[in-house]
There are 2 protein chains.
Amino acid sequence: MPAKAAGGRTARPSSGRATLETVATLAGVSRMTVSRVINHPETVTSELKEVVQKAILETGYVPNLLAGGLASSRTKVVAAVVPTLTHVLFSGAIQAFTDRLALDGYQMLLGLSGYPTEREGNLLQAILSRRPDALYLTGTSHLAQTRRQLRAAKIPIVETWDLSHKAVDMAVGFSHKAVGQGVANYLYGKGYRQFATIGADDERATLRSREFVATLAGHGISDVACISTPAPSTMAMGREALGELLANGFRRGAIQCSSDAMAHGVVLEAQARGLAVPGDIAVIGFGDLDFAAYMSPPLSTVRIDRFAIGRLAAEALLTRLAGHPVARKVVDVGFDIVERATT
Amino acid sequence: MPAKAAGGRTARPSSGRATLETVATLAGVSRMTVSRVINHPETVTSELKEVVQKAILETGYVPNLLAGGLASSRTKVVAAVVPTLTHVLFSGAIQAFTDRLALDGYQMLLGLSGYPTEREGNLLQAILSRRPDALYLTGTSHLAQTRRQLRAAKIPIVETWDLSHKAVDMAVGFSHKAVGQGVANYLYGKGYRQFATIGADDERATLRSREFVATLAGHGISDVACISTPAPSTMAMGREALGELLANGFRRGAIQCSSDAMAHGVVLEAQARGLAVPGDIAVIGFGDLDFAAYMSPPLSTVRIDRFAIGRLAAEALLTRLAGHPVARKVVDVGFDIVERATT
DNA sequence: AGCGCTATTGTGAGCGGTAACAGAACACAC
DNA sequence: GTGTGTTCTGTTACCGCTCACAATAGCGCT
């Protein structure tokens with residue numbers, strides 16, 4: 001029977017998996033050479049490379065990137081914090097973001113913050129503990145403590161969707177104020193003179209609604225009915241909200257909604273009540289989701305290129321990770337007002 | 001001026017951040033005590049705990065979970081592999097999955113495999129290199145090499161959405177064959193006698209279509225028109241596909257579609273051509289996405305509880321991570337045929 | 001042959017934690 | 001007083017990898 005290890009203490013049970021050492025021994029080289037074959041193959045002679053690669057296959061070696069990351073302080077992981085994946089705008093951006101990162105061999109660590117921002121502090125700590133090489137955030141951060149944590153991490157950070165606050169580092173998005181203003185001017189320009197706005201109470205939607213109201217005030221229109229609903233906004237909320245508006249005396253006019261889903265609800269509710277769209281009730285949504293163009297009537301809305309946001313955010317981070325400075329720290333992807341048949 | 005470190009070699013520049021050592025020195029205790037305060041506070045006297053906690057705040061210490069994971073071989077990271085986030089069914093399941101994991105302090109590492117499964121091998125290797133504690137997969141894996149890799153990882157694995165193959169470890173999903181069969185029987189029962197099926201060419205959609213056809217064959221119906229489109233299926237493809245069916249002589253009957261989006265396209269195309277839905281063309285979708293109930297006419301479809309899949313998958317993994325055996329290795333969440341106005 | 005140079009490979013010391021054990025301090029029973 | 005636990009804290013040895021540097025080999029040239 002095998003003797004117990006001399007000396008007393010039992011050895012810590014190692015994972016049992018092949019390590020660099022295993023491969024090195026089999027190939028008859030040093031650990032470092034194996035490491036080079038994997039990470040800098042151009043610095044190793046082709047004969048050795050071959051021997052080592054065979055040994056890797058034979059042992060079924062899978063590198064341990066925890067150890068590698070610890071030693072090199074580069075993890076090849078980028079973390080992203082998003083309120084929710086159930087919203088197509090966010091999941092679309094993350095899809096584009098992840099796809100772009102994968103091209104350069106980066107993996108994505110995802111954190112879902114939910115809408116109330118309280119969890120954000122803990123979540124951020126949990127994520128930074130994993131030492132990502134870079135960070136993608138949704139929205140801009142304002143809690144002083146959060147900003148401090150972010151700066152202390154000393155990694156490239158890109159904040160997305162919103163351009164309204166000063167970015168901690170870089171930003172890719174568009175101006176929600178400009179959207180509110182653009183929509184107001186568009187509707188006013190089309191001749192509408194009575195307005196309402198229905199928005200989720202998340203920060204960005206609020207920003208759009210507020211600017212919508214402010215811009216109309218500039219045109220001398222002061223009685224804009226405002227309805228705020230809890231985020232995330234849904235079609236059901238749109239239906240309800242229109243009911244509420246009508247109950248409060250709103251008869252006809254143009255309604256700005258904080259999402260296409262909500263706008264869809266408003267259209268359906270109007271139709272159910274026998275109101276003409278856009279004759280009595282004109283509606284404009286936000287997002288230009290797939291179904292918007294195929295509603296009846298097709299929905300006028302604000303188009304945002306969610307994939308561009310994800311892709312450009314990834315590229316900004318990758319540029320910095322490659323050691324280059326970025327050309328512009330703030331990238332405005334803009335928006336388009338898509339006129340269809342509900343306005 | 002400070003002397004260069006005696007002896008020659010320059011010290012490796014450390015991260016500059018606070019480590020356990022920093023905190024321990026400040027608090028006047030050993031590293032191990034600090035580690036205990038963080039991970040097993042109940043084993044430390046409250047006076048020491050207080051001193052250490054103050055030191056942690058003062059230094060702004062953020063634990064390095066790479067080092068911790070390396071030492072303990074537990075990373076508190078669970079990885080997920082999904083074809084795409086642009087599909088609401090997948091992103092919804094991942095949302096529920098991540099939310100459930102977060103409750104137990106686990107973070108999620110995401111890999112997007114795309115539809116062609118070739119990338120899966122590399123992706124899996126990249127993910128396993130990060131040493132996740134558990135793994136969520138979409139679909140069941142059949143490549144022998146993949147299965148070998150998975151087994152070698154020796155971690156809990158849950159395969160989702162599909163129950164048709166033998167699971168590597170655990171599975172949460174439903175039977176696509178049962179769906180195909182159920183839809184066929186439902187439509188046949190409603191009196192339809194002419195059929196077509198339009199499906200994306202991903203494996204699960206194919207499975208449903210094939211079983212749909214086979215079940216109808218059992219009812220003596222053998223001329224079911226089949227159209228296959230590249231995944232992912234979209235509304236535009238639905239429109240096109242109906243055009244193709246009609247061009248090939250299909251006049252009237254019931255059409256099974258592999259997604260609600262596609263079914264929506266079929267409905268729109270039928271309406272555009274002046275065909276009655278469901279009078280001439282009956283349509284049933286798959287997924288019961290938010291818009292399905294609000295189309296005109298409202299879409300009949302197959303409802304899948306995507307959130308249940310994500311949540312149950314997370315719970316299966318968490319159970320195993322807690323060291324308990326799971327009650328059932330395979331969980332069938334089932335499906336419902338939702339009859340609305342297109343059938 | 002001897003020199004200097006460049007291209008490869010090896011060596012040793014960490015990276016920042018945790019597991020396992022050892023030791024100290026204290027309480028309690030005999 | 002001594003033996004025996006029970007807590008709590010400290011010590012030591014790694015986890016698996018990469019960095020910085022050292023050592024060696026191979027080459028052309030004088």
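Every chain is numbered from 1 and lettered A, B, ... according to where its sequence line falls, protein lines coming before strand lines.
- The shortest distance between the side-chain N/O atoms of B:T19 and the OP1/OP2 oxygens of C:dG16 is not below 4.0 Å.
- Straight-line distance from the NZ atom of B:K76 to the C1' atom of C:dG17: 16 Å, rounded to whole Å.
- For A:R131 and C:dG17, the CZ to C1' distance is 11 Å, given to the nearest whole Å.
- Contact annotation for B:L48: backbone-only contact, meaning every heavy-atom pair under 4.0 Å involves sugar-phosphate atoms and none involves a base.
- Regarding A:L70, its CG atom lies at a distance of 7 Å from the P atom of C:dG16, rounded to whole Å.
- Considering B:T22, B:I38, B:V52, B:L26 in turn, B:I38 is the only one that fulfils the side-chain contact (heavy atoms from CB on, under 4.5 Å) rule with B:Y61.
- The phosphate of C:dT9 has neither OP1 nor OP2 within less than 4.0 Å of any side-chain N or O from A:T33.
- A straight line from CG of B:N39 to C1' of C:dG16 spans 13 Å, rounded to a whole angstrom.
- Under 4.0 angstrom from either OP1 or OP2 of D:dC15 there lies no side-chain N or O belonging to B:R74.
- Across the interface with DNA chain D, nearest-nucleotide mapping of B:A67 and B:G28 shows B:G28 to be the residue nearer the 5′ end.
- At whole-Å resolution of the value, CZ in A:R31 and P in D:dC17 are 9 Å apart.
- In terms of polar N and O atoms assigned as donor or acceptor, the side chain of A:R36 comes within less than 3.5 Å of the base of C:dG10 in a complementary pairing.
- In this structure, B:F97 and B:Y136 have tilted ring planes: the angle between them lies in the 30° to 60° band.
- Rounding to whole angstrom units, CE of residue B:M32 and P of D:dA13 are separated by 16 Å.
- Contact annotation: A:S35 reaches the phosphate of D:dT18 (side-chain N/O to OP1 or OP2, under 4.0 Å).
- The side chain to side chain donor-acceptor pair (under 3.5 Å) test applied to B:K54 returns no partner, not counting sequence neighbours.
- Of the residues listed (A:L317, A:T98, A:V77, A:L321), the one engaging A:Y106 in a side-chain contact (heavy atoms from CB on, under 4.5 Å) is A:L321, and it is the only one.
- Here the P atom of nucleotide C:dG17 and the NE2 atom of B:H40 are 14 Å apart, to the nearest Å.
- Taking atom CD of residue A:E21 and atom C1' of nucleotide C:dG12, one finds them 13 Å apart after rounding to whole Å.
- Taking only side-chain nitrogens and oxygens, B:N64 never comes nearer than 4.0 Å to OP1 or OP2 of C:dC15.
- Counting only residues at least two apart or in different chains, side chain to side chain donor-acceptor pair (under 3.5 Å) contacts with residues 317-331 of chain A comprise A:D169-A:R320, A:D169-A:K329.
- At the phosphate of C:dG10, OP1 or OP2 sits under 4.0 Å from a side-chain N or O atom of A:S30.
- Residue A:T45 places at least one side-chain N or O closer than 4.0 Å to OP1 or OP2 of C:dT9.
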